[in-house]
Amino acid sequence: MEKQIIYYYTVNGECPYKDWFDGLDKSIQLRVDKRVEKLRAGLYGDHKPLQNSELSELRMDFGKGYRIYYYDIDNKLVLFVGGSEKKDQKQTVKKCNDYFKDFVERNS
């Protein structure tokens with residue numbers, strides 16, 4: 001079953017995922033797009049739920065080992081942010097959890 005991709009936007013109208021994506025090299029953008037398309041088709045590949053969080057991470061084994069943090073709800077996937085590397089993962093996950101709380105508050 002195909003899933004709808006939704007991008008999280010802050011109250012200020014910023015999209016952390018797209019901001020990260022737009023800063024990538026075009027060749028990496030193509031690879032990320034292919035990976036997200038597989039996710040849309042329900043082919044999760046290398047992913048796992050985060051501990052103490054409602055979010056999951058999609059792991060990519062190219063570039064800097066990029067991650068995309070997302071929330072899976074019914075037939076929708078909400079993409080929060082991408083680009084985390086191991087060295088900044090804790091900080092990024094904390095930020096994503098804050099984004100998730102904001103998302104739930106504004107969409108409930």
Side-chain angles (χ1 to χ4, degrees):
M1 168 165 53
E2 188 163 302
K3 297 199 174 252
Q4 177 185 5
I5 302 292
I6 299 172
Y7 299 96
Y8 165 77
Y9 284 85
T10 66
V11 168
N12 300 330
E14 298 171 357
C15 180
Y17 178 86
K18 289 184 179 181
D19 291 344
W20 164 75
F21 183 84
D22 290 345
L24 296 174
D25 181 80
K26 295 291 182 204
S27 64
I28 298 294
Q29 285 180 346
L30 289 171
R31 293 181 80 176
V32 169
D33 273 343
K34 282 174 102 173
R35 191 71 170 86
V36 170
E37 284 305 311
K38 286 181 181 181
L39 188 63
R40 180 190 315 267
L43 304 171
Y44 288 74
D46 188 3
H47 75 285
K48 71 174 189 171
L50 297 175
Q51 291 181 354
N52 305 315
S53 177
E54 297 291 322
L55 303 175
S56 297
E57 73 175 351
L58 180 68
R59 300 182 292 196
M60 295 174 274
D61 63 355
F62 55 84
K64 298 178 179 181
Y66 297 119
R67 268 95 169 117
I68 294 174
Y69 299 97
Y70 66 93
Y71 180 63
D72 195 341
I73 179 169
D74 300 323
N75 65 337
K76 298 175 184 143
L77 292 165
V78 182
L79 302 185
F80 286 94
V81 74
S84 172
E85 300 171 39
K86 202 62 173 172
K87 67 181 179 178
D88 65 356
Q89 189 172 17
K90 284 184 183 181
Q91 177 183 356
T92 303
V93 168
K94 182 187 178 320
K95 188 183 300 183
C96 286
N97 282 319
D98 292 342
Y99 290 156
F100 176 73
K101 288 175 191 169
D102 175 57
F103 175 81
V104 169
E105 286 176 10
R106 291 191 291 135
N107 292 281
S108 48

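Computed from a predicted model, the values in this text were never measured in an experiment. Side chains included, hydrogens not; waters and symmetry mates left out as well; all remaining heavy atoms used. In this chain, numbering begins with 1 at the start of the sequence shown.
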> What is the distance from atom CG of L79 to atom CD1 of I68, rounded to the nearest 0.5 Å?
Replying inline: 6.0 Å
> OH/Y71 to CZ/F103 distance, rounded to the nearest 0.5 angstrom?
Replying inline: 8.0 Å
>> My understanding is that only residues two or more places apart in sequence, or in another chain, count here; which of them pass ring pair (Phe, Tyr, Trp, His ring centres under 6.0 Å) with Y44?
In response: H47
How would you list, by chain and number, every residue that makes a salt bridge (charged side-chain N to carboxylate O under 4.0 Å, His left out) with [X], sequence neighbours excluded?
X	value
D72	K3
D19	none
E37	R40
K76	none

Minimum heavy-atom distance between [X] and [Y], given as atom pair plus value:
X	Y	result
R59	R35	O-NH2, 3.5 Å
R106	T10	NH2-C, 3.6 Å
L58	Y70	N-CE2, 3.7 Å
S56	P49	OG-CA, 3.5 Å
L24	Q29	O-NE2, 3.5 Å
Y9	D102	O-OD2, 4.4 Å

Sub-4.5 Å side-chain heavy-atom contact between [X] and [Y]:
X	Y	answer
Q89	R67	yes
P16	Y8	yes
N97	N52	no
D61	D46	no
Y69	Y99	no

> By side-chain hydrogen bond (donor to acceptor under 3.5 Å, both in side chains), which residues pair with Y7, not counting sequence neighbours?
Replying inline: none
> Are L30 and W20 connected in a single hydrophobic cluster, I mean Ile/Leu/Val/Met/Phe/Trp/Tyr linked by side-chain heavy atoms less than 4.5 Å apart?
Replying inline: no
>> Treating N12 as the side-chain partner and E14 as the backbone partner, does any N or O pair qualify as donor plus acceptor under 3.5 Å?
In response: no
